[in-house]
Number of protein chains: 2
Amino acid sequence: MPEQYRQLGMKLTPQRLAILHYLSGNGTHPSAENIYKDVLKQFPTMSFATVYNTLDALAEKGGLKVVTVDPDKKRYDPNTGPHHHLYCIKCKNIVDINKEFKIRLSDEMRRDFDVLAVCIEFHGICRKCKK
Amino acid sequence: MPEQYRQLGMKLTPQRLAILHYLSGNGTHPSAENIYKDVLKQFPTMSFATVYNTLDALAEKGGLKVVTVDPDKKRYDPNTGPHHHLYCIKCKNIVDINKEFKIRLSDEMRRDFDVLAVCIEFHGICRKCKK
DNA sequence: ATTTTACTGATAAATATTATCATTTTAGAA
DNA sequence: TTCTAAAATGATAATATTTATCAGTAAAAT
Ligand SMILES: [Mn+2]
Ligand SMILES: [Mn+2]
Ligand SMILES: [Zn+2]
Ligand SMILES: [Zn+2]
């Protein structure tokens, strides 16, 4: 898993390893701040710039997904396979939905629009939040 | 259509009418800045605070949807009926998809999560952007 | 007309994200 | 193992978006 950076053509630095380690298998869809605060424990000199640079580079190379369901901030997802999300509008938790749904646009629409990804978001209230 | 504010229990002001007039039937999913700049023509004293206050009030009362597909900023949608979106990752245009898709979560999942809305986002490249 | 309530807009502040750039580090070549 | 080119780090500044304050004003209710 530390080799993931090399395979993506990125230089391997201790800071990046710490970020990747935090992300790897992390299903909480953390924000940049979540990541920053965690990695800060091991790297007291860590900068937000490094977090954003790393996330941007990873996302651009396909090693990370940016989730836009939270209106307040970007959330990041190490699960790069096709899947969908539950979003609790109260606690803002995001949970993966791995079920596959067959949705297809009409052929005329697909002629006018190259679909690269389909994101399904279920907005609602999670169990904890409904008391 | 100007009565929409009253029906939602909001005071009817000229600024709000101008905002509603800009939004009404507008399928471009404008940002707060788009709205501000347009309404500014008629109200040179218009403030961003008024735009945000109005949008927030409208959204809270269900007279407006907030669209989160653009990672850079919130987009607003006067179409409050259930529908979905095409999002061009190059020009950031958002287009309505009115087709209905039948997606249902498993019963166990619906026990744990009250689904209030389902948003399907088709990310890709629009006709104009693919040269 | 008077009162109550809510809205406006100037301004400041908070939050999130991006840009600069000198210094340091990595990775690969010699 | 040096050496070197390329890239990353982090301090800092800047930008962008959004929210908070609040005195003055305007809309609605009485
Ligand atoms: Mn996910
Ligand atoms: Mn729409
Ligand atoms: Zn919740
Ligand atoms: Zn486009």
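Within every chain, numbering begins at 1; the chains are lettered A, B, ... in the order of the sequence lines, protein sequences first and strands thereafter. When reading the values below, keep in mind they use all heavy atoms of this one structure, side chains included, and skip hydrogens, waters and symmetry mates.
For the residue pair A:S106 and A:E108, a side-chain donor N or O sits within less than 3.5 Å of a side-chain acceptor on the partner. Looking at A:T50 and A:N53, their side chains never bring a donor and an acceptor atom within 3.5 Å of each other. Side-chain contact of A:H29 with A:D96: a donor-acceptor pair under 3.5 Å is present, judged by distance alone.
Residue B:K73 contributes atom NZ, which lies 13 Å from atom C1' of C:dT17 at whole-angstrom precision. If you measure from atom CG of B:L58 to atom C1' of C:dC7, you get 14 Å, rounded to the nearest angstrom. Between the CG atom of B:D70 and the P atom of C:dA16 there is a distance of 17 Å, given to the nearest Å. If you measure from atom CZ of B:R75 to atom P of D:dA16, you get 17 Å, rounded to the nearest angstrom. As rounded to whole Å, 14 Å separates atom P of D:dT9 from atom OH of A:Y36. B:L8 has its CG atom 16 Å from the C1' atom of C:dC7, to the nearest Å. Atoms CD (B:E60) and C1' (C:dA6) sit 15 Å apart, rounded to a whole Å. Atom CD1 of A:I35 is separated from atom P of D:dT9 by 14 Å (rounded to the nearest Å).
Taken from CG in B:N79 to OG in B:S24, the straight-line distance is 11.0 Å, to the nearest 0.5 Å.
Residue A:Q15 has no polar side-chain atom (N or O) positioned under 4.0 Å from OP1 or OP2 of D:dA8. Phosphate proximity of C:dT8 to B:R16: present, with a side-chain N or O under 4.0 Å from OP1 or OP2. Under 4.0 angstrom from either OP1 or OP2 of C:dG9 there lies at least one side-chain N or O belonging to B:T50. The phosphate of D:dG10 has OP1 or OP2 within less than 4.0 Å of a side-chain N or O from A:T45.
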B/S/- contact track for nucleotides 19-29 of chain D, protein heavy atom under 4.0 Å: BB------BS-
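The side chain to side chain donor-acceptor pair (under 3.5 Å) test with A:D114 is passed by exactly one of B:R127, B:K130, B:H123: B:K130.
For the pair A:H85 and A:V67, the tightest heavy-atom approach, listed with the atom from each and the gap, is CE1-CG2, 3.9 Å. Nearest heavy-atom pair across B:H83 and B:D77 is NE2-OD2, 3.0 Å.
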